[in-house]
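Working notes for the structure below.
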Amino acid sequence: MSQDLLDRIDQRTRLAGHNRLALLLFRLGTRQLFGVNVFKVQEVLPRPPLFTLPQLPAAFSGAADVRGRSIPVLDLARAIGHGDADSVEPRYLVVTEFNRSVQGFLVSAVDRIVNIAVEDIHPPPEHGADQHYLTGVTRHHGELIQLIDVESVLAESAPRASDADRIAPLAATSPTAPREVLVVDDSRVARNQIRMVLEQLGLGSTLLSDGRQALDHLQALLLSGIDPNERYAMVISDIEMPAMDGYTLTTEIRRDPALRGLFVLLHTSLSGVFNQAMVERVGADDFVPKYSEHELAQRVAARVNSLG
């Protein structure tokens with residue numbers, strides 16, 4: 001893994017708002033290329049020595065000392081049940097930050113960083129042992145790239161205690177005030193987490209997996225004579241998604257006179273490098289980093305209560 005590749009990560013991540021995605025490509029085993037958004041990558045290191053920590057979940061391979069911090073480490077191939085897991089010993093550690101936590105993933109090889117237009121990223125196939133760990137697939141120079149849903153991997157490997165049982169349902173609002181939320185996120189785990197919070201609050205939800213689906217859905221409502229502003233109290237959108245990212249979705253909503261009144265909350269796992277100025281530039285109303293059920297519930301409750 002060259003230092004030059006790591007030095008270019010900051011430059012390559014300046015794509016937000018242009019509906020493009022910068023991917024760090026790596027291999028698990030010898031053949032298949034996988035990718036993860038470089039916004040989630042802190043650094044890539046040769047595999048360091050691992051040590052045990054008694055509090056680590058069983059799925060973890062151990063912990064690594066990275067610049068004075070003890071980082072929990074997952075063998076990514078084993079975590080997703082990848083069939084090629086035993087063919088090549090993992091030689092690199094990809095240190096990531098998302099969902100307000102830092103963790104490392106062992107991979108067998110690191111390839112390069114590429115820039116992909118998000119419209120060229122497609123939903124993963126519905127069949128396959130490890131397909132539920134994917135958020136999308138794409139091609140670069142003819143080679144298939146599978147995008148790993150690292151949020152799902154981490155959620156299943158290290159289940160976190162939920163604070164959703166402490167969320168009180170919202171008081172009754174005006175009969176004309178909307179009680180449904182449009183949720184847009186390419187992660188199955190994230191969609192279900194948000195849905196559970198909304199259910200605790202007594203709100204309904206429509207769940208979609210990318211910004212293009214969401215925009216098409218909103219425009220279809222308009223064509224059928226339904227005002228999305230009257231149906232939805234708000235839109236909760238992830239930022240990094242295939243087909244259309246959350247920045248672009250927000251910009252398109254603000255460009256349409258019939259949609260621009262929608263309240264948009266951006267909800268992202270990119271807690272370490274999130275750019276608040278970008279949120280303001282595209283016209284989002286609020287931002288919450290993933291993942292705190294209670295904080296998300298507070299923001300949703302404030303919006304719904306403001307509607308009377």
Side-chain angles (χ1 to χ4, degrees), residues 118 121-124 126 132 135-136 149 151-152 155 162 164 167 169-170 172-269 282-288 290-291 293 295-308:
V118 293
I121 300 173
H122 307 288
E126 296 183 358
H132 70 290
T135 59
D149 184 353
E151 294 176 47
S152 293
S162 172
I167 298 173
L170 292 173
T173 55
S174 165
T176 60
R179 301 275 297 189
E180 188 172 355
V181 175
L182 177 60
V183 177
V184 191
D185 200 301
D186 63 340
S187 170
R188 172 184 54 85
V189 166
R191 290 195 301 271
N192 288 333
Q193 288 172 332
I194 298 169
R195 176 184 54 78
M196 291 174 62
V197 169
L198 296 174
E199 288 177 353
Q200 291 279 326
L201 292 169
L203 301 175
S205 60
T206 295
L207 309 179
L208 299 174
S209 60
D210 65 64
R212 171 53 60 190
Q213 285 185 16
L215 187 61
D216 289 346
H217 169 70
L218 293 170
Q219 292 173 339
L221 288 179
L222 290 172
L223 289 174
S224 66
I226 299 172
D227 186 351
N229 297 277
E230 296 178 358
R231 175 166 175 172
Y232 293 119
M234 63 192 303
V235 177
I236 299 176
S237 177
D238 189 17
I239 290 178
E240 47 153 357
M241 298 181 289
M244 179 181 289
D245 64 31
Y247 289 132
T248 305
L249 172 62
T250 305
T251 299
E252 292 300 318
I253 287 173
R254 295 296 180 245
R255 285 176 177 169
D256 190 327
L259 299 176
R260 66 174 51 145
L262 284 168
F263 186 100
V264 178
L265 182 150
L266 292 177
H267 187 233
T268 177
S269 61
V282 301
D285 297 283
D286 204 354
F287 151 66
V288 177
K290 294 177 182 176
Y291 184 70
E293 291 101 332
E295 184 175 358
L296 178 61
Q298 288 176 336
R299 303 295 181 90
V300 173
R303 167 58 181 168
V304 174
N305 289 333
S306 73
L307 297 174

Which pair of heavy atoms, one from Leu259 and one from Ile253, lies closest together, and at what distance?
O-CG2, 3.4 Å
Do any N or O atoms from the side chain of Tyr232 and from the backbone of Phe263 form a donor-acceptor pair under 3.5 angstrom?
no
Atom CZ of Arg195 and atom CG of Asp185: how far apart are they, to the nearest 0.5 Å?
13.0 Å
Closest non-hydrogen atom pair, Leu198 against Ser205:
CD1-CB, 3.6 Å
Any non-hydrogen side-chain atom of Val197 less than 4.5 Å from a side-chain atom of Ile167?
yes
Under a 3.5 Å threshold, yes or no: a donor from one side chain and an acceptor from the other, between Ser209 and Gln213?
yes
Within the 6.0 Å centroid threshold, strictly below: His267 and Phe287:
no
Listing, residues 300-308 side-chain donor-acceptor contacts under 3.5 Å, not counting sequence neighbours, or none:
| residue | atom | partner | partner atom | Å |
| --- | --- | --- | --- | --- |
| Arg303 | NE | Ala233 | O | 2.9 |
| Arg303 | NH2 | Ala233 | O | 3.4 |
| Asn305 | ND2 | Ala301 | O | 3.1 |
| Ser306 | OG | Arg303 | O | 2.5 |

Any salt bridge linking Arg299 with Asp285? Criterion: basic side-chain nitrogen under 4.0 Å from a carboxylate oxygen.
no
For the residue pair Leu266 and Val288, establish whether any side-chain heavy-atom pair is separated by less than 4.5 Å.
no
Heavy-atom nearest pair, Thr250 first then Ala284, reads CG2-N, 3.7 Å
Which of Ile121, Asp245, Asp238 passes side chain to side chain contact (heavy atoms under 4.5 Å, CB included) with Asp186? It is Asp238
Are Glu180 and Thr206 close enough that a side-chain donor and a side-chain acceptor fall under 3.5 Å?
yes
Any luck finding a side-chain donor-acceptor pair between Asp149 and Ser187 under 3.5 Å?
yes
Pair Glu151 + Arg188: basic N to acidic O under 4.0 Å:
no
Side chain to side chain contact (heavy atoms under 4.5 Å, CB included) assessment of Met244 paired with Leu215:
CA-CA 9 Å; Met244 179 181 289; Leu215 187 61; 3.9 Å; yes
Close side-chain approach of Val183 and Leu208, heavy atoms under 4.5 Å
no
Nearest-0.5 Å distance that lies between atom CG in Asn192 and atom CE in Met196
8.0 Å
Flag the pair Lys290 / Thr268 as yes when at least one side-chain heavy-atom distance between them is below 4.5 Å, and no otherwise.
no
Specify the closest pair of heavy atoms between Gly211 and Val184, including all atoms of both residues, with the distance to one decimal.
N-CG1, 3.9 Å
Can you tell me how far apart OG1 (Thr248) and CD (Glu252) are? Round to the nearest 0.5 Å.
7.5 Å
Are the side chain of Arg212 and the backbone N or O of Ala243 linked by a donor-acceptor pair below 3.5 Å?
no
Quick one: are Leu218 and Pro228 in side-chain contact, heavy atoms under 4.5 Å?
yes
Can you find a heavy atom in the side chain of Ile236 that is under 4.5 Å from one in the side chain of Val264?
no
For Ala258 against Asp227, the heavy-atom pair lying closest together
O-OD1, 4.3 Å
Do Val181 and Ile194 have side chains that get closer than 4.5 Å, going by heavy atoms?
no
